[in-house]
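First the proteins, then the strands, lettered A, B, ... as listed; each starts at 1.
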2 protein chains.
Amino acid sequence: MATMTDVAKAAGVSRATASYALRGDPRISPATADKVRRAAAALQYTTNLSARSLRSGRSGVIGVAIFELDKPYPSEMSAAVSREAAAHGLETIVQQTSNSKEREISILQKVTSQLCDGTIFSPGNVSVEEITALYGGKPLVLLDDISDDPLFDCVFTPCADGAEAAIHHLYDVGCRNIGVIGVDYEMLVDDRESTSVSGRRLAGALKAFDDLGINVDERNFVHTAWEAEDAREVAHRLADEGLAFDGLFCMTDTVALGMIRGFADRGVRVPDDVAIIGFDGINEGDYSVPSLSTIQTDIPDLARKAVGLLLQRLGENADAVPDNADPAAPQRLTADFRLIQRESTRR
Amino acid sequence: MATMTDVAKAAGVSRATASYALRGDPRISPATADKVRRAAAALQYTTNLSARSLRSGRSGVIGVAIFELDKPYPSEMSAAVSREAAAHGLETIVQQTSNSKEREISILQKVTSQLCDGTIFSPGNVSVEEITALYGGKPLVLLDDISDDPLFDCVFTPCADGAEAAIHHLYDVGCRNIGVIGVDYEMLVDDRESTSVSGRRLAGALKAFDDLGINVDERNFVHTAWEAEDAREVAHRLADEGLAFDGLFCMTDTVALGMIRGFADRGVRVPDDVAIIGFDGINEGDYSVPSLSTIQTDIPDLARKAVGLLLQRLGENADAVPDNADPAAPQRLTADFRLIQRESTRR
DNA sequence: TTGAAAGCGCTAACAA
DNA sequence: TTGTTAGCGCTTTCAA
């Protein structure tokens with residue numbers, strides 16, 4: 001592997017000049033710069049990222065830490081962030097936290113604060129306080145931060161507005177007995193949970209019920225893990241009990257698809273017997289039978305906002321004056337969404 | 001951020017001693033080691049990976065480079081590799097190549113050869129020769145290497161055997177007019193393609209047809225991109241032409257699910273009118289309607305084999321004597337698979 | 001069993 | 001406009 005010294009020698013300049021030239025510093029003359037670039041190309045030179053990172057604190061790599069790599073929604077999000085970052089000349093590395101606090105800490109301590117210039121982090125089990133202690137001062141954008149205190153930049157999923165739109169949509173297509181799947185109604189009394197993704201979706205749904213003058217109680221809400229298998233069992237149970245709903249809002253598309261599958265097992269027809277709408281907008285919902293109506297989070301928009309916040313901080317850091325370290329206050333943005341009507345609510 | 005120097009100072013030892021102690025070197029006395037560990041804990045010390053990597057060439061991180069993060073099969077594979085690597089104390093970072101040669105090169109040059117101790121790489125557009133020039137000498141395990149010349153360790157998807165089993169399964173459930181979706185029959189005459197994933201699946205299918213005494217010609221093979229949307233259109237076309245098949249083997253589950261969706265659009269019933277079997281075994285196929293029969297690649301097994309090969313090379317490197325650099329010959333393993341019968345071939 | 005010292009490859013202040 | 005030089009934090013000989 002050729003090093004900067006090799007390139008400098010080959011080009012007949014000093015290491016510093018070579019370094020400046022390769023990074024396009026304007027004070028190097030075009031002729032010299034060209035000579036250096038030629039030598040670098042000939043030697044197949046690539047910057048050693050460890051060395052650059054050690055010296056300058058910059059690697060040109062950003063990190064994404066998500067729950068699970070093999071779940072559709074986080075996957076699609078990571079892919080979108082990768083594409084967005086690539087458009088800005090940054091490499092993206094993705095890691096999965098596996099919903100394990102230990103893994104979150106390890107990622108935050110090792111990869112994030114070491115190899116990456118900044119990280120987009122989806123916190124699961126780690127608190128904002130712990131993040132603060134571990135993140136190493138590098139720019140950090142949280143996804144769906146549940147703390148009241150905005151210590152970090154954050155991008156939110158459009159939970160409340162999306163859920164509200166979902167309930168209105170079910171109402172608009174004629175549903176009058178609407179159930180919500182995947183949320184604990186008890187959560188309402190628990191303040192800590194109210195800022196979580198499910199808490200905010202619940203709040204949006206409740207607002208819609210209120211606006212529509214629909215009375216709901218705990219019987220309208222069925223708690224379940226956000227997994228297809230659990231949802232499938234809920235559908236079995238609802239069907240076996242004699243379906244009390246003509247419309248269901250599922251907290252995620254995966255839950256919705258599990259419900260559709262479970263209803264198919266019991267001969268309950270969607271949307272004829274019960275309309276179903278999900279949340280997320282994963283690709284899969286376009287090819288299910290029936291295809292799935294959903295509140296689609298605008299994932300490219302989310303990626304644009306998250307990467308944008310990161311770039312902003314990276315820009316700040318570049319100009320950072322140590323003794324005037326007064327960073328801008330953390331920003332909180334919310335991704336766009338759109339209602340997509342497909343077969344599962346076509347009636 | 002506390003450095004090794006801080007820890008050494010706090011523990012009252014030299015930097016070298018601290019370094020040895022933290023890595024559990026046996027020549028440091030238990031008392032000293034304990035003192036150092038205590039100091040490190042108190043200071044929340046974490047090794048600077050850039051520095052370690054720069055100095056020792058080891059970071060404890062392995063890389064996975066796959067086609068797309070938001071496709072189910074590569075996602076599930078990356079997740080499995082992450083879990084397997086974590087069990088061996090390694091961090092895993094995942095990158096997507098986006099099927100772009102430029103991105104593959106960038107990943108190989110920058111992240112792989114710099115930040116990672118080794119990489120599991122799924123080559124798309126880059127040739128083995130180019131990989132050789134770029135990978136930087138670090139251990140590299142290829143996924144489905146298409147070159148005849150085994151220059152690197154490699155794990156294969158069980159293409160030929162799996163495809164063979166798929167055709168036999170369709171035959172066993174009574175199909176006598178079997179089509180294969182997603183492969184170019186012309187490929188047979190093109191040697192370069194015969195070692196590709198689709199080439200090997202085609203070869204397996206042909207062997208099965210031959211064993212079963214079924215004559216096939218180009219009309220039994222329908223070429224399409226491995227995307228749900230393209231497959232859906234193929235299904236429309238086949239249905240509109242008056243379905244000539246009673247059984248279809250699709251080159252991937254995504255293609256199969258797209259076909260199922262396309263047939264649903266046209267009122268063709270699966271499996272009654274046509275049985276369908278896919279390949280991959282993605283989670284999604286368990287919840288589709290109808291659920292999808294498939295040749296499921298044993299992804300945990302694949303991950304175990306890939307990480308195992310990497311660990312083996314990493315072990316070799318550790319003991320590597322520079323002037324006796326005679327590495328073991330590249331190994332080629334194939335992942336297990338199993339036939340999963342679900343509704344789409346239940347007849 | 002521990003310490004001193006060199007240096008991985010790079011960047012950035014400072015000099016020329 | 002270019003060169004000299006001092007490290008970033010760590011590991012690893014070599015010496016004690």
Which nucleotide wins on minimum distance to the side chain of [X], given the candidates [options]?
X       : options               : value
B/Tyr20 : C/dA13, D/dG9, D/dT12 : D/dT12
A/Ser56 : C/dT11, D/dT2, C/dA5  : C/dT11
A/Thr3  : C/dG9, C/dA12, D/dT2  : C/dG9

Check the distance between [N]'s [atom2] and [X]'s [atom1] and give it to me in whole angstrom.
X        : N      : atom1 : atom2 : value
B/Arg27  : C/dG3  : CZ    : P     : 12 Å
A/Arg58  : C/dA12 : CZ    : P     : 10 Å
A/Leu22  : D/dT2  : CG    : C1'   : 15 Å
A/Leu49  : C/dC8  : CG    : P     : 18 Å
A/Lys110 : D/dG9  : NZ    : P     : 19 Å
B/Lys35  : C/dT1  : NZ    : P     : 14 Å
A/Met4   : D/dT5  : CE    : P     : 18 Å
A/Asn48  : C/dG7  : CG    : P     : 18 Å

_Check: A/Arg55 side chain, C/dG9 base, donor-acceptor under 3.5 Å_ =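 For A/Arg55, whose side chain was compared with the base of C/dG9, there is no donor-acceptor pair (under 3.5 Å).
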According to a strict under-4.0 Å criterion, is [X] in side-chain N/O contact with OP1 or OP2 of [N]?
X       : N      : value
B/Thr32 : C/dT2  : yes
B/Thr17 : C/dG3  : yes
A/Arg52 : C/dT11 : yes
B/Ser53 : C/dC8  : no
B/Ser19 : D/dT11 : yes

*What's the spacing between A/Leu43 CG and A/Arg38 CZ if we round to 0.5 Å?*
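Going from the CG atom of A/Leu43 to the CZ atom of A/Arg38 covers 13.0 Å.
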Under 3.5 Å, is there a donor on one side chain and an acceptor on the other for [X] and [Y]?
X        : Y        : answer
A/Thr17  : A/Ser14  : yes
B/Thr32  : B/Ser29  : yes
B/Glu129 : B/Thr132 : no

_If you assign B/Ile28 and B/Leu54 each to the DNA chain C nucleotide with the nearest heavy atom, which residue ends up on the more 5' nucleotide?_
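Whichever sits nearer the 5' end wins; that is B/Ile28.
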_Row check, A/Tyr20 ring normal vs A/Arg27 NZ/CZ: under 6.0 Å, within 45°_ =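 Flagged: A/Arg27 positioned over aromatic ring of A/Tyr20.
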*Hey, which sits more toward the 5' end of DNA chain D by its nearest nucleotide, B/Thr46 or A/Ala16?*
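Its nearest nucleotide being more 5', the pick is A/Ala16.
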